[in-house]
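Read the structure below first, then the notes.
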There are 2 protein chains.
Amino acid sequence: MESDAQLLNAVAIVLRKLREERNFSQEYLAAEADLSRSMIDKIERRKRLPSLPVLIKIAGAFGMSASELVKRIEIDLNK
Amino acid sequence: MESDAQLLNAVAIVLRKLREERNFSQEYLAAEADLSRSMIDKIERRKRLPSLPVLIKIAGAFGMSASELVKRIEIDLNK
DNA sequence: TTGTAGACTAATGTCGACG
DNA sequence: CCGTCGACATTAGTCTACA
């Protein structure tokens, strides 16, 4: 099953890293991405996996493309 | 909302194109990606948007990375 | 500012069937 | 081989509240 746990982990780590690099609060990021803070929080705590539209929104909030964001997740997955 | 309809459309088009390029049947692709044929069918007919794990599985079945697959979707979105 | 959680709605994904 | 669909289970995502 290639373990969703690993994926949850990678997404959480990448998201938090990007957010902290930019000194974004969860609330600010949520507003920029047009998401609830609850969602950001849950992704970072590995309680939820973002859907494709959410990935795109988050990538947009970070000023990058969704494929770039996914690439970072894949890189983290292979560690 | 950046319209989910456009996204549904782009994903459907990219998936079908890749599948037909490789002469994969829906059933074969579903087996390779460890998904139901129903899911492949629904994505191609814009009834469902794939989640991140599903995107990764489909990309794997096509022998490409998820970021590469997402990139193709983004390219199609910008047309 | 973040972690946590409950209750809820919406969407995803499966199985099985039929044409 | 594909389009379609209903019933169902699972997961994503929101809102609210509290430490």
Side-chain angles (χ1 to χ4, degrees), chain A residues 1-62 66 69-70 72-74 76-77, chain B residues 1-62 66 69-70 72-74 76-77:
Chain A
M1 290 295 152
E2 292 296 349
S3 181
D4 279 353
Q6 290 182 14
L7 185 54
L8 278 167
N9 213 47
V11 174
I13 288 171
V14 168
L15 177 52
R16 174 155 299 179
K17 183 149 179 279
L18 284 169
R19 188 174 65 78
E20 294 185 340
E21 276 174 7
R22 286 164 174 72
N23 287 315
F24 288 177
S25 67
Q26 289 184 347
E27 190 160 2
Y28 178 78
L29 175 59
E32 287 295 306
D34 191 30
L35 293 170
S36 63
R37 178 178 74 90
S38 184
M39 192 64 231
I40 302 294
D41 175 58
K42 278 165 176 163
I43 294 171
E44 288 192 358
R45 284 182 308 105
R46 315 191 200 95
K47 296 297 181 183
R48 288 286 192 283
L49 218 37
S51 65
L52 185 53
V54 167
L55 270 177
I56 291 172
K57 285 177 176 180
I58 292 175
F62 285 138
L69 179 56
V70 172
R72 290 184 188 227
I73 293 167
E74 288 175 321
D76 196 279
L77 265 178
Chain B
M1 288 298 152
E2 294 296 351
S3 179
D4 278 355
Q6 290 182 14
L7 186 54
L8 278 167
N9 213 47
V11 174
I13 288 172
V14 168
L15 177 52
R16 175 155 299 180
K17 183 150 179 277
L18 284 169
R19 189 173 65 80
E20 294 186 340
E21 276 174 9
R22 285 163 174 74
N23 287 315
F24 287 177
S25 69
Q26 288 184 346
E27 189 160 0
Y28 179 79
L29 175 59
E32 287 295 305
D34 193 30
L35 293 170
S36 63
R37 179 178 73 90
S38 183
M39 193 63 232
I40 303 294
D41 175 58
K42 278 165 177 162
I43 293 171
E44 289 193 358
R45 284 182 306 105
R46 314 192 201 94
K47 297 297 180 182
R48 288 285 193 284
L49 218 37
S51 66
L52 186 52
V54 168
L55 269 176
I56 291 171
K57 286 178 176 180
I58 291 175
F62 285 138
L69 179 56
V70 172
R72 292 183 186 228
I73 293 167
E74 288 175 321
D76 196 279
L77 265 178

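Naming convention: chains lettered A, B, ... in sequence-line order (proteins, then strands); numbering from 1 in each chain.
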### Task
Can you tell me the distance, in whole Å, between the CD atom of A:E27 and the P atom of D:dC15?
13 Å

### Message
Rounding to an integer number of Å, can you tell me how far A:I56 CD1 sits from D:dA12 P?
### Response
17 Å

### Pairwise distance CD(B:Q26) to CD1(B:I43) - rounded to 0.5 angstrom
10.0 Å

### Query
To the nearest angstrom, how far is A:F24 atom CZ from C:dT2 atom C1'?
17 Å

### Query
Where the side chain of A:S51 is defined as all heavy atoms beyond and including C-beta, which of C:dT1, C:dG13, D:dG13 is the nearest nucleotide?
D:dG13

Could you pull out the protein-nucleic contacts involving nucleotides 14-18 of chain C (nitrogen or oxygen on both sides, under 3.5 Å)?
| unit_1 | atom_1 | unit_2 | atom_2 | d |
| --- | --- | --- | --- | --- |
| C:dT14 | OP2 | B:S36 | N | 3.3 |
| C:dT14 | OP2 | B:S36 | OG | 2.7 |
| C:dT14 | O4 | B:K42 | NZ | 3.1 |
| C:dC15 | N4 | B:S38 | OG | 3.0 |

### Query
Can you tell which of C:dT2, C:dT12, D:dC2 lies closest to the side chain of B:Q26?
D:dC2

### Task
Sequence neighbours left out, what passes side-chain contact (heavy atoms from CB on, under 4.5 Å) with A:A30? Give chain and number order.
A:R37, A:I40

### Task
Would you kindly give the CG-to-C1' distance between A:L52 and D:dA12, to the nearest whole Å?
13 Å

### Task
Apply side-chain hydrogen bond (donor to acceptor under 3.5 Å, both in side chains) to B:R19 and list each qualifying residue two or more places apart in sequence or on a separate chain.
B:E44

### Summary
Rounded to whole Å, NZ of B:K47 lies from P of C:dT12 at a distance of 12 Å

### Message
Please report the distance, rounded to the nearest Å, between CG in A:L49 and C1' in C:dA10.
### Response
17 Å

### B:S51: side-chain hydrogen bond (donor to acceptor under 3.5 Å, both in side chains) partners, not counting sequence neighbours
none

### Task
Rounded off to whole Å, could you give me the CG-to-C1' distance for the B:D4 and D:dA12 pair?
13 Å

#### Entry: Residue pairs, two or more places apart or on separate chains, that pass ring-ring contact (aromatic ring centres under 6.0 Å, His included) and touch residues 29-59 of chain B
none

## Note on the structure
Those residues at least two apart in sequence (or on a different chain) that pass side-chain hydrogen bond (donor to acceptor under 3.5 Å, both in side chains) with B:R45 are B:D41

### Query
Atom CZ of A:R46 and atom C1' of C:dG3: how far apart are they, to the nearest Å?
13 Å

#### Entry: Rounded distance [0.5 Å steps], CG in B:D76 versus CD in B:Q6
10.5 Å

## Note on the structure
Expected list for residues 15-23 of chain B near DNA chain D, using heavy atoms below 4.0 Å, is B:R16, B:R19

### Query
Who pairs with A:A12 by side-chain contact (heavy atoms from CB on, under 4.5 Å), at least two apart in sequence or on another chain?
A:R46

### Query
Partners of A:R22 by side-chain hydrogen bond (donor to acceptor under 3.5 Å, both in side chains), sequence neighbours excluded?
none

